[in-house]
Structure formats: structure tokens, C-alpha cells
Amino acid sequence: MRMSKLFGKTSKTEGSDYKIPSHRLLTQAGYIRESTAGRYYLLPLGLKVHDNIMRVVRKHMDAADAQEVVMPTLHPLELWRETNRTTSVSFELMKVTDRRGAEFALGGTAEEMAVDLVRKFNVSYKDLPFTIYQFSNKFRDEMRARGGLLRVREFMMKDAYSFGTEEQFEAVYKQMWKAYEDIFAELGLKVDVVAADNGYIGGEYCHEFVAESENGESRYFIDPQSGYAAHEDVAIFKVDDKNLDEPAQPMQEVAAERGKTMEDGVKHHNLPLWQQIKDVLYFDEATGRYILAVIRGDLNVNETKLMQASGAWELRPATDDEIRNDLQSEPGFISPVGITKKGVQTGRELVIVGDKSLRSARNMYGGTNKKHQDLLNINIDRDYALDIEADIALAEPGFISPDGGALVEKRGIEVGNIFQLGYHYSNLMKDAEFTDEEGKRQKYYMGCYGIGIGRTLAAIVEAHHDQKGILWPTSIAPFSVVICQLGTDDEVVNAAYDMYKKLTDLGVAVLYDDRTDARPGEKFADADLLGIPYRVIVSAKTVASGSFEVKRRDSDEAEMLDLEGVIKMTVTNIR
RNA sequence: CGGGGAUUGGCGCAGUUGGCUAGCGCGCGCGGUUUGGGACCGCGAGGUCGAAGGUUCGAGUCCUUUAUCCCCGACCA
């Protein structure tokens with residue numbers, strides 16, 4: 001490619017709206033350009049990198065026995081109704097209607113489409129297991145786009161769907177896990193594999209592949225000793241026992257003229273925070289129930305775990321009005337002891353969900369559901385009962401992992417994930433079945449596996465850049481070599497063109513900076529900004545000496561090589 | 001959707017308490033001198049100041065409505 005003809009210019013000035021390095025560098029170097037918030041043009045350079053990432057992903061998916069297909073972008077809304085996801089997905093579905101009034105969803109993920117495709121073929125156990133995948137633009141009407149390519153409303157995703165029996169699933173899941181490790185390794189992206197929450201996709205467990213970055217949106221915890229890694233939503237930890245050797249004391253009601261915070265309770269009674277009972281009252285819009293989360297005072301409630309444990313879907317904090325008038329309690333003095341289980345005004349049910357940490361302490365203290373009255377020596381089972389007992393505690397840095405090490409908090413970009421879907425979709429969708437050995441119909445057991453291509457591209461830039469620009473890993477660089485032609489003398493131009501031609505004929509992706517109106521400094525700055533792995537300089541000086549200056553983007557040292565040397569170096573270092 | 005900030009040639013910005021043909025830098029075009037880390041001189045093109053309405057003799061500047069964008073929160077590849 002001749003740089004003089006390249007569409008998409010580099011820019012010396014940077015926009016003030018570009019807050020994170022990948023967004024700024026990709027825009028400044030002419031890889032991408034924003035259309036509207038969360039929708040981007042991929043320019044020729046950006047498309048090359050994008051294609052290269054897809055090529056790597058495709059290679060490893062194929063190697064893992066997945067088969068590529070293409071699904072329509074417009075999904076019949078009927079299919080989404082079949083799984084009730086017209087209302088339950090967290091990202092807003094974008095819908096379109098055709099001239100006949102048929103409704104479609106713009107695909108944001110394609111579980112239903114995959115199942116619908118497979119069920120058309122009436123598969124048998126002999127066909128299982130198998131995995132299909134596609135690359136397609138996904139549409140998600142996100143509340144807020146953010147950070148350039150990091151969170152957008154329209155993006156290329158590789159999504160794969162596996163079909164098989166429950167017995168076969170573990171091997172398939174591991175195969176995909178391995179494929180993902182190979183993909184990100186080849187892309188030059190270090191990732192942590194963390195256990196995460198399935199959310200709206202359904203199923204029981206999943207793992208996220210997260211590239212550590214301060215600009216990422218995923219918070220997760222790792223135990224560096226054991227390798228335990230989990231998203232903050234699902235991270236578990238060991239709760240220490242406090243005073244279980246203490247005998248249970250008789251419960252006692254006392255006057256407590258205090259404020260409503262936990263600290264007020266600690267101060268008033270001069271007792272430790274951990275001994276206080278923390279009560280957090282929610283209302284679930286989805287099921288119309290109050291959820292009272294009860295936990296040891298020094299811990300916080302993890303709403304994701306709480307939703308999992310209680311079956312709630314749309315939690316919001318209960319209002320003071322609801323607490324006082326419907327539940328006859330008092331903000332700051334809520335207590336599982338004697339709280340009404342049914343709203344007196346609305347008749348709404350109240351479910352008490354208690355954290356297992358409540359069993360790590362005795363003789364706890366807390367409110368009475370009456371203002372300025374507290375209870376001392378509250379003991380679980382004896383004084384109150386839980387409807388649901390579960391782990392609903394939020395992990396914090398320094399807590400002890402299940403393996404015994406201290407948890408470290410990290411932040412990163414979620415570039416891919418693998419989900420166990422189980423029977424979730426085959427239960428919801430008709431005829432999602434295969435014929436087994438005995439001729440009986442059985443549900444498929446499924447998994448799904450996604451990688452965001454644009455986000456991965458941005459994550460690679462986040463991980464590989466310096467003051468001057470991008471440093472592409474050779475596996476995905478838009479060009480392997482940039483030839484900087486300095487000067488316009490015939491010998492220089494001829495030598496540069498000759499090298500460009502020879503390398504190109506050998507299959508090396510070469511960017512030939514043939515611009516006659518750019519001075520050397522500008523060419524160097526652009527080469528650095530663009531992040532091409534190798535830079536070769538052809539100038540009057542080098543032509544006279546019969547050798548060329550070759551420098552790696554990630555090194556400060558150049559070496560002088562003749563044409564044969566340049567060819568050898570670049571050809572052996574390309575993919 | 002809640003909170004904060006912004007919108008003036010392709011990009012980055014200035015524009016005072018309302019006042020004259022709306023400026024600067026970069027970039028772009030033409031001519032020339034240059035050529036190893038973003039050169040210089042000359043000439044030139046390009047803006048109904050996000051949009052609509054209002055106040056005023058007069059609006060980029062004041063008021064109302066509205067659109068878009070950025071940042072922080074709840075979601076995700």
C-alpha cells in the first residue's frame with residue numbers, strides 16, 4: 001500500500017474527547033472514526049487489524065471443531081418471545097418492522113437463532129456434539145457508549161453455540177476454553193480467566209476472559225497463590241468465625257436513641273461492627289416481593305448473589321414510605337426479628353434472605369422495627385428464622401479466598417466469555433431435541449462462546465502502546481513493514497520502490513511511505529503512531545552504502561542490513 | 001435513566017459587561033525554498049457560530065425549547 005494513497009489521515013492534534021489511550025490512538029492514527037456515539041467507521045487500517053483478529057479467531061475456532069455459518073441480522077421477534085427475552089434482556093433490543101408488519105429484532109446475541117437453525121435439521125445422537133459459530137454485527141441499544149471501541153452499540157462479535165448431551169458438555173467447554181487461551185495468546189493479549197455471573201443469557205456457570213487494564217469495566221478478584229479468579233459479582237471468600245465459643249445470652253430489648261447508620265449503632269452500644277446485624281431492604285419489581293437481605297455488620301450485600309439466591313430480577317431499594325407504612329418498620333431499625341412478612345397496605349410478600357456469615361457470630365445486636373429501640377443478644381434460629389440462607393456477601397480486597405490466600409482486586413476489559421447454557425434454551429424452545437440411541441427425544445445441552453472483535457482490538461492497543469503510538473503484535477499488525485522513503489532523488493525512489501515491490505511479491509504486507517510532501521520527522525512520527533512492527537529507511541545515505549536501516553517499533557536500536565537481509569528479516573517475522 | 005460538562009470551517013481552540021466585514025493554530029489547495037525526528041515564505045479556499053423560537057436598533061454572546069456529544073453511576077463482547 002502506498003501511503004500517499006491511503007484513505008484516512010493521521011492527526012497531530014488529539015481530540016479532547018478521547019479519554020483513554022486506545023480511543024485516542026486509534027482515532028489519531030486513522031484506524032477508526034466515530035459516526036455517532038457508540039458507532040464507528042472502520043477505516044482501511046482499522047479494517048486490516050480487525051480482519052487479522054478475525055483470522056486468528058477463525059483459525060482457532062476451526063481447530064476446535066467449530067463450524068462457521070452466517071445467520072441473518074434480523075431475528076424474527078417470535079423467537080425472542082419463545083424464550084421471554086423480549087422483556088428480560090438487560091440490553092435494550094432494537095426492533096424493526098418490515099412492509100408487511102412482521103417484527104424483527106436486530107440481533108444482539110443469537111441463542112434463539114442457533115437453536116432455531118439446529119431444530120430444523122432434526123439431529124440425532126450421532127451428530128452430537130457439534131458447535132456452530134458466526135461473525136456478525138451485534139446491535140445493543142446500550143444506555144451509554146464508553147471509551148471508544150470498549151463499549152459500543154454496534155460491534156462485530158464471534159458467537160459460537162455448542163449442542164450435545166450433558167455428558168459431552170464438559171469436554172466441549174474445556175475445548176473452547178483452550179481455544180480461547182490460544183487465541184488471546186496469539187493476539188498478544190494477556191488474559192485472566194475469571195468465574196462470572198450468567199446474567200440474562202441463562203445457565204449455571206460461565207467464565208470471562210479479561211485483559212487487565214485500568215480502563216476496563218470488569219472488577220474481579222484473584223488469589224495470586226492458587227490462581228483462583230472470580231468476577232466481583234460471584235467471588236466467594238472464607239468468613240472468619242468471631243465469638244462462637246461465647247454462650248448464647250438471653251435476648252434483651254433496650255432503648256437506643258441513635259442515628260440510622262451502622263456506625264451510629266456501633267457508637268451507641270460500644271460493640272464491634274461485626275456483631276451488629278445489617279439489614280438491607282429491597283423491592284423486586286419483577287416478582288413484586290420485598291427482599292430483606294440480612295448479613296453480618298462488617299460485610300456488604302452482593303446484589304448479584306442476592307438475586308441468584310432469591311430469584312429476584314429487578315431489585316431496587318425499598319423506600320422509607322414502604323418501610324414505615326407498608327412493613328410497619330423503621331429505617332435504621334429494621335430487624336429480621338419480628339418483622340411482618342406481608343405488607344399491611346399492599347399485601348406484598350416479604351422474603352428474608354440471610355447470609356451464612358450470620359452463623360459466624362453469637363449474641364448479635366440490631367433494631368426492633370421500632371424507632372429508638374434495639375435488641376441485644378440476638379441469635380439466629382432461636383430468635384429469628386431465614387426463608388433463604390445463602391452466600392450473599394460482597395468480596396473485598398484482602399478477604400481470604402477459598403484457597404486460603406488473600407484476594408487481590410483487579411480491573412480489566414472483558415474480551416470474551418464462555419457460558420454453560422445447559423437446558424435453558426432447549427427447555428424454553430419447542431422441539432429443541434435430538435433422537436437418542438433408543439429413538440427417544442432428548443433436549444440438547446448447550447453452551448455459548450463470545451468474543452468481541454472491536455473490543456479485543458481496543459484491548460490490544462491498551463496493552464501495547466507507548467508515548468509515541470501503538471505497538472502492534474506482529475500477528476495482527478495492519479502491515480508488517482513500513483518503508484520510509486526519505487528524499488525525492490531518483491536513486492532513493494528507485495531503491496525504495498524496488499524494495500516495496502520485492503517484499504510485496506513475497507507476500508509481506510508493506511506500507512510504502514512514498515509521500516514527497518512529508519519531511520523525515522513527520523514520516524518517523526507517523527510510523528511510530530501507526531505502530532507497524534518494522535521500519536525500514538531508504539535515504540540517500542543508505543542507498544550510497546548499499547544497506548538500509550531497519551528498526552523494530554519496540555526497540556530503540558536500529559541495524560543496517562542489505563536488501564537480502566531486509567527480506568530475510570521481514571519474511572521470517574511475518575505470520 | 002440520574003448527576004456534571006460541552007457544541008464556533010476537516011481537527012484543536014479564542015471571542016470581554018450584547019456593537020462594526022467572526023478570529024487564531026493545525027490541516028487542505030497553488031507557487032517557491034527545503035529534506036534523518038512533525039521546516040519556511042507568499043497566495044488561496046473553507047464557517048447561515050448544533051437546531052428552532054423569542055428579547056433587542058443590533059445576538060456567537062441574553063431567554064425558552066430541542067438535538068447531539070463527552071465524563072461519572074446501574075449493564076455487557
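Small disclaimer: the values here were computed from a predicted structure and weren't measured. Hydrogens, waters and symmetry mates play no part in the numbers below; they use all other heavy atoms, side chains included. We name chains A, B, ... by the order of the sequence lines, and we start the count at 1 in each one.
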>> Please report the distance separating the P of C69(B) from the corresponding atom of G47(B), rounded so that it comes out in whole Å.
In response: 25 Å

> What nucleic acid atoms does Thr27(A) come within less than 4.0 Å of, heavy atoms only: base, sugar-phosphate, or nothing?
Replying inline: nothing

>> Which nucleotide, if any, forms a Watson-Crick or G-U wobble pair with C26(B), using both distances under 3.5 Å?
In response: G10(B)

>> Tell me which nucleotide, if any, is Watson-Crick or G-U wobble paired with C69(B) when both distances must be under 3.5 Å.
In response: G5(B)

> Taking atom C1' in both U55(B) and U64(B), what distance in whole Å separates the two?
Replying inline: 11 Å

> For RNA chain B, whose closest nucleotide is more 5', that of Thr13(A) or that of Leu150(A)?
Replying inline: Thr13(A)

>> One thing to verify: whether Arg39(A) and Glu154(A) come together as a salt bridge, which I'm taking to mean a side-chain N less than 4.0 angstrom from a carboxylate O.
In response: yes

>> In whole Å, I'd like the distance from the CZ atom of Arg85(A) to the P atom of C76(B).
In response: 12 Å

>> Taking only the P atom of each, what is the distance from G15(B) to U35(B) in whole angstrom?
In response: 41 Å

> Can Lys178(A) and Asp182(A) be counted as an ion pair, charged N to O under 4.0 angstrom?
Replying inline: yes

> So which of Lys12(A), Lys9(A), Arg515(A) actually passes side chain to side chain contact (heavy atoms under 4.5 Å, CB included) with Asp526(A)?
Replying inline: Arg515(A)

> In whole angstroms, how far is the C1' atom of C75(B) from the CG atom of Asn417(A)?
Replying inline: 14 Å

> How many Å lie between OH on Tyr449(A) and P on A77(B), as a whole number?
Replying inline: 15 Å

> From C76(B), G36(B), C11(B), pick the nucleotide closest to the side chain of Glu142(A)?
Replying inline: C76(B)

> Under 3.5 Å, is there a donor-acceptor pair between the side chain of Arg455(A) and the main chain of Leu150(A)?
Replying inline: yes

> With a 4.0 Å cut-off on heavy atoms, is Gly487(A) in touch with a base, just the backbone sugar-phosphate, or nothing at all?
Replying inline: nothing

> Mind checking the P distance from C24(B) to G44(B)? Whole angstroms is fine.
Replying inline: 13 Å

> Do NZ/NE/NH1/NH2 and the carboxylate oxygens of Glu112(A) and Arg85(A) come within less than 4.0 Å?
Replying inline: yes

Listed pairs, N/O of protein and of nucleotides 70-73 of chain B, under 3.5 Å:
from   : atom 1 : to        : atom 2 : distance (Å)
C70(B) : OP1    : Glu34(A)  : OE2    : 3.0
C72(B) : OP2    : Arg144(A) : NH1    : 3.4
C72(B) : OP2    : Arg144(A) : NH2    : 3.1
C72(B) : N4     : Arg144(A) : NE     : 3.4

>> Partner lookup for C57(B), please. Criteria are Watson-Crick or G-U wobble with both distances under 3.5 angstrom; report none if nothing qualifies.
In response: G19(B)

> Under a 4.0 Å N-O cut-off, is there an ion pair linking Arg316(A) with Glu322(A)?
Replying inline: yes

> Which nucleotide in the set C76(B), C11(B), A77(B) lies at the smallest distance from any side-chain heavy atom of Ser218(A)?
Replying inline: C76(B)

> Tell me: CZ of Phe139(A) to C1' of C76(B), nearest whole Å?
Replying inline: 17 Å

> Would Tyr220(A) and His231(A) satisfy ring pair (Phe, Tyr, Trp, His ring centres under 6.0 Å), going step by step from the backbone distance to the final call?
Replying inline: CA-CA 4 Å; Tyr220(A) 59 104; His231(A) 192 92; 7.8 Å; no

> Taking the P atom of each, how far is C43(B) from C62(B), in whole Å?
Replying inline: 36 Å

> Who does U33(B) pair with, Watson-Crick or G-U, both distances under 3.5 Å?
Replying inline: A39(B)

> Separation of Asp513(A) atom CG from U35(B) atom P, in whole Å?
Replying inline: 18 Å

> When you compare G25(B) with U66(B), how far apart are their C1' atoms, in angstrom units rounded to a whole number?
Replying inline: 33 Å

>> Exactly one of Val566(A), Leu511(A), Val536(A), Val550(A) should register a side chain to side chain contact (heavy atoms under 4.5 Å, CB included) with Val481(A). Which one does?
In response: Val536(A)

> With distance as the sole test, does Asp116(A) use its side chain to make a donor-acceptor pair with the main-chain N or O of Leu79(A) at under 3.5 Å?
Replying inline: no

> How long is the line joining CZ of Phe7(A) and P of G10(B), in whole Å?
Replying inline: 14 Å

> If you round to the nearest 0.5 Å, how far is OG of Ser475(A) from CZ of Arg55(A)?
Replying inline: 7.5 Å

> Which whole-number value in Å describes the distance from Ile32(A) CD1 to C11(B) P?
Replying inline: 15 Å

Scan nucleotides 37-42 of chain B against the protein and return all N/O pairs shorter than 3.5 Å with their distances rounded to 0.1 Å.
from   : atom 1 : to        : atom 2 : distance (Å)
G37(B) : O6     : Arg535(A) : NH1    : 2.8
G37(B) : O6     : Arg535(A) : NH2    : 3.3
G37(B) : N1     : Asp528(A) : OD2    : 3.1
G37(B) : N2     : Asp528(A) : OD2    : 2.7
G38(B) : O4'    : Glu522(A) : N      : 3.4
G38(B) : O2'    : Lys12(A)  : NZ     : 3.0
G38(B) : N1     : Asp526(A) : OD1    : 3.4
G38(B) : N2     : Glu522(A) : OE2    : 3.0
A39(B) : OP2    : Arg519(A) : NE     : 3.2

>> Between G54(B) and G38(B), how far apart are the two C1' atoms, rounded to whole Å?
In response: 48 Å

> Which part of the nucleic acid does Ile537(A) contact within heavy-atom distance under 4.0 Å: base, sugar-phosphate only, or nothing?
Replying inline: base

> Across all strands, who's sitting opposite C49(B) as a Watson-Crick or G-U wobble pair, both distances under 3.5 Å?
Replying inline: none

>> Would you call the rings of Tyr173(A) and Phe169(A) parallel, tilted or perpendicular, taking 30° and 60° as the class edges?
In response: tilted

> What is the distance, rounded to the nearest whole Å, between atom CG of Asp517(A) and atom C1' of C30(B)?
Replying inline: 13 Å

> In whole Å, what separates the C1' atom of G10(B) from that of C28(B)?
Replying inline: 8 Å

